[in-house]
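Just so it is clear, the values below take in all heavy atoms, side chains as well, and ignore hydrogens, waters and symmetry mates.
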4 protein chains.
Amino acid sequence: MDEVRRRGRPRDAGRDKAILDATRSALLRDGYAGLSMEKIATAAGVGKPTVYRRWPSKAALVGDAVLDSFLSDAPDALNPDRPPAEQLTGWYQAYATAAAEPCNAAMILALTAAASESPRDARSLYEQHSRAQHEAVVDCLRAGVQSGDFRSDADLNAVASALIGSVLYQLLTQTDTAVVVRTGNLLDILLAGLRAFGR
Amino acid sequence: MDEVRRRGRPRDAGRDKAILDATRSALLRDGYAGLSMEKIATAAGVGKPTVYRRWPSKAALVGDAVLDSFLSDAPDALNPDRPPAEQLTGWYQAYATAAAEPCNAAMILALTAAASESPRDARSLYEQHSRAQHEAVVDCLRAGVQSGDFRSDADLNAVASALIGSVLYQLLTQTDTAVVVRTGNLLDILLAGLRAFGR
Amino acid sequence: MDEVRRRGRPRDAGRDKAILDATRSALLRDGYAGLSMEKIATAAGVGKPTVYRRWPSKAALVGDAVLDSFLSDAPDALNPDRPPAEQLTGWYQAYATAAAEPCNAAMILALTAAASESPRDARSLYEQHSRAQHEAVVDCLRAGVQSGDFRSDADLNAVASALIGSVLYQLLTQTDTAVVVRTGNLLDILLAGLRAFGR
Amino acid sequence: MDEVRRRGRPRDAGRDKAILDATRSALLRDGYAGLSMEKIATAAGVGKPTVYRRWPSKAALVGDAVLDSFLSDAPDALNPDRPPAEQLTGWYQAYATAAAEPCNAAMILALTAAASESPRDARSLYEQHSRAQHEAVVDCLRAGVQSGDFRSDADLNAVASALIGSVLYQLLTQTDTAVVVRTGNLLDILLAGLRAFGR
DNA sequence: GAGTAACCGAGACGGTACGTCATGTCTTAAT
DNA sequence: ATTAAGACATGACGTACCGTCTCGGTTACTC
């Protein structure tokens, strides 16, 4: 049960927070391209080695910075007591609205930049963040299948990818992040298709 | 018709090609993060100022490099003589297959990195590349609406975004690009929804 | 006797003047270090090749620019009708005064920079400019020797070098060019020595 | 007495030496014009920022490089136990001989180039180097005045300037540095003048 | 008066160096 | 052992000039 007590001075957990905060505000101000470990360390009132001791790379740091700011609570919008279609409607509205907020949009773009910049070590990072959303949506869809609402031969992963990917695509191509909120009736079309297709 | 001849020695068009080629192979080898104007110039057998004279930034250069390598001919898969649903099926297959090729995947990721890294000057860049695809798909859908195949109150932009965004999302989250090809039956679901929803 | 007439359009002599003027004002403004062929050409309203067609290097251009602005008339202060000592007194006063003028000081420093920067091709350049002064002084001293005013075993070149070199040394070491004018009684001491030494 | 220990990793004094050595050999090989911070850093096995951290400009670096190689011990030739005239004779011989050595000549020319290139920030630099020589000579002359050997109304600074300036002038105008050694009988003339003039 | 050769401006070109910035590692003294 | 500070080698950044070249266009001699 006892953790192995490392010898010497223990790490100050407060530094973690300071670094992550500095990372987020730098991300908001300058975007991913304008980020630098140097500026983050200075802004956090911390030495560079302290940053490197905790995160091995810029991508990992950005990953953690984004992780504890957003997306972690989004699946909560899925209320398991309602019918799947209603659950998804509520969730997609909440998800798109959150993504359209400039502050969150910057985080998602940063994550995208980190992932696309160096696919090798960063792709899993992006996936780690979307997985929570993705799996929640698939679970909900699966419930719909089991209740007979949706066809059983539908590729639920593909549907979830379409919903999340659509928002991402809008963020990348629209200058005005407000547009992202208007998801149109995409979900309605998908739900109709899930009930009807193949017939 | 005669363009006004700019004074001074005209630019050598061959350099453009050499630089774009060097950019593409560097992108394939090292990804967007490993790119450097310095190495591109050297690989192209060209001085750095020659690069900067033509492209103001790495993002702009990557944009053009990707533009003239791929995606320009993809909309050709839409054959206007067939019914819209068939057209879309053929196109989506072709699009996903092309995007899954490692070479093209690298280009799309590079574009995504450029656009997400510095939204300000680069977002239009990404949009410029997807616009051709996007508009072709929307046109095809619109034809379906006019022929009575699809419901008239569907948000066609949302559907197109779902198709393209889904592929993009897969590229970012899947380590194995081959997975992208399997678009599942997303298009079938959407088509069914387009015919049925609201009824 | 006839110069070989070069065929084709003859050079426009007006450009020479424009280039030399531009060189001099650039020299006054920025010093030798701030000089660039590029800026000179632009300031003179002339293309770079026009400059290179006439002067092979920055040093050569600076040489000519200094030459036709100053120093060419300084030996005139030596009036051959007066006794050598008086001649030299008048000349040294004129020389030091001219050298102390900020405009002339800048030219001399430029010449010194050109000569010291690349001894190989530029040393003769400096020598070409001081030769007129140097020889005039030596001639004057020689007249004093022949008239019996000065000892015949004096090294006249050494005396001339001391006079000119002293001014140069002051220019290099004194921030305040006005100081250069005060040559003290160096010439008096030298003249006394020329009459007396060895006795 | 204890200096306040600056925080952080202290500078490695060995780098200073390596950089100064590299500067001197580059100066000998290519002259001041051929100097580049880039090559110096490479030759010293040092990064460019390490050079710029210690010297703000090429001129300052050259100044220090010359300073600790030469001229610092030259005044030693003045032996205070001998009569001033003998002291000066010995010193001038040593000084001219040292200046004529190709290695030292290159250093003096580099210093001259640095000082004349950008008078603003570099003139004091040259002065700093010649001051030791200059003051030693003036002190020696003053001793001669006090002992009654030299006239009391002589401008001693002017005499020192003539001696040092004469050598400098020769270095700039003579291609053959060996010539510099032959200072002629300039010092004899000056000494005679210092004893006799005005009488 | 038609060639034509050298001139002219502008500016592209391959280079080289500039001086700055960020990277990730290290060394130090202090906690 | 961790901390902040900061030196360090490396290497890319974007800019400025270098000296050469290639353009379209202009002169002014020569045939």
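Two residues, D/V46 and A/G47, neighbour DNA chain F, and the one matched to the more 5' nucleotide by heavy-atom proximity is A/G47. For C/A44 and D/G34, each mapped to the nucleotide of DNA chain E holding its nearest heavy atom, the one lying further toward the 5' end belongs to C/A44. With DNA chain E read from its 5' end, the first of the two nearest nucleotides for B/G45 and D/E38 is the one closest to B/G45.
Contact annotation: A/R54 reaches the phosphate of F/dT3 (side-chain N/O to OP1 or OP2, under 4.0 Å). Look at C/T50 and you won't find any side-chain N or O under 4.0 angstrom from OP1 or OP2 of E/dC7. Between A/R53 and F/dA1, a side-chain N or O to OP1/OP2 separation shorter than 4.0 Å is absent. One finds no side-chain N or O of C/R11 lying less than 4.0 angstrom from the OP1 or OP2 phosphate oxygen of E/dA6.
Minimum heavy-atom separation, B/S116 to A/S116: OG-OG, 4.2 Å. When all heavy atoms of D/A41 and D/V51 are compared, the pair lying nearest together is CB-CG2, 3.9 Å. Nearest approach of C/L20 to C/L61, heavy atoms of both residues: CD2-CD1, 3.9 Å.
Rounded to whole Å, the distance from CG on C/L61 to P on F/dC17 is 15 Å. The interatomic distance linking C/K39 (NZ) with F/dC18 (C1') rounds to 14 Å, in whole Å. Put simply, NZ on A/K58 is 9 Å from C1' on E/dA22, counting in whole angstrom units. For D/I40 and E/dC18, the CD1 to C1' distance is 13 Å, given to the nearest whole Å. Between the P atom of F/dC17 and the CE atom of D/M37 lies a distance of 18 Å, rounded to the nearest Å. Following rounding to the nearest Å, C/L35 (CG) and F/dA16 (C1') show an atom-to-atom distance of 14 Å.
No side-chain donor-acceptor contact under 3.5 Å links C/R24 to the backbone of C/V66. The backbone N or O of C/V46 lies less than 3.5 Å from no partner atom in the side chain of C/T50, so there is not a single donor-acceptor pair.
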Donor-acceptor pairs under 3.5 angstrom involving side-chain atoms of residues 25-35 of chain C: please list them, not counting sequence neighbours.
unit_1: C/S25; atom_1: OG; unit_2: C/D21; atom_2: O; d: 3.1
unit_1: C/S25; atom_1: OG; unit_2: C/A22; atom_2: O; d: 3.3

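Residue pairs meeting the salt bridge (charged side-chain N to carboxylate O under 4.0 Å, His left out) criterion with at least one member in residues 49-63 of chain D, sequence neighbours excluded, are D/D16-D/R54. Applying the salt bridge (charged side-chain N to carboxylate O under 4.0 Å, His left out) rule to pairs touching residues 31-46 of chain B yields B/E38-B/K48, sequence neighbours excluded.
Residues passing the side chain to side chain contact (heavy atoms under 4.5 Å, CB included) test with A/T42: none are found, sequence neighbours excluded.
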Between protein and nucleotides 25-27 of chain E, what N or O pairs are separated by less than 3.5 Å?
unit_1: E/dC26; atom_1: O2; unit_2: D/R9; atom_2: NH1; d: 3.0

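For the contact set between residues 12-23 of chain C and DNA chain E, defined by any heavy atom under 4.0 Å, the members are C/D12, C/R15.
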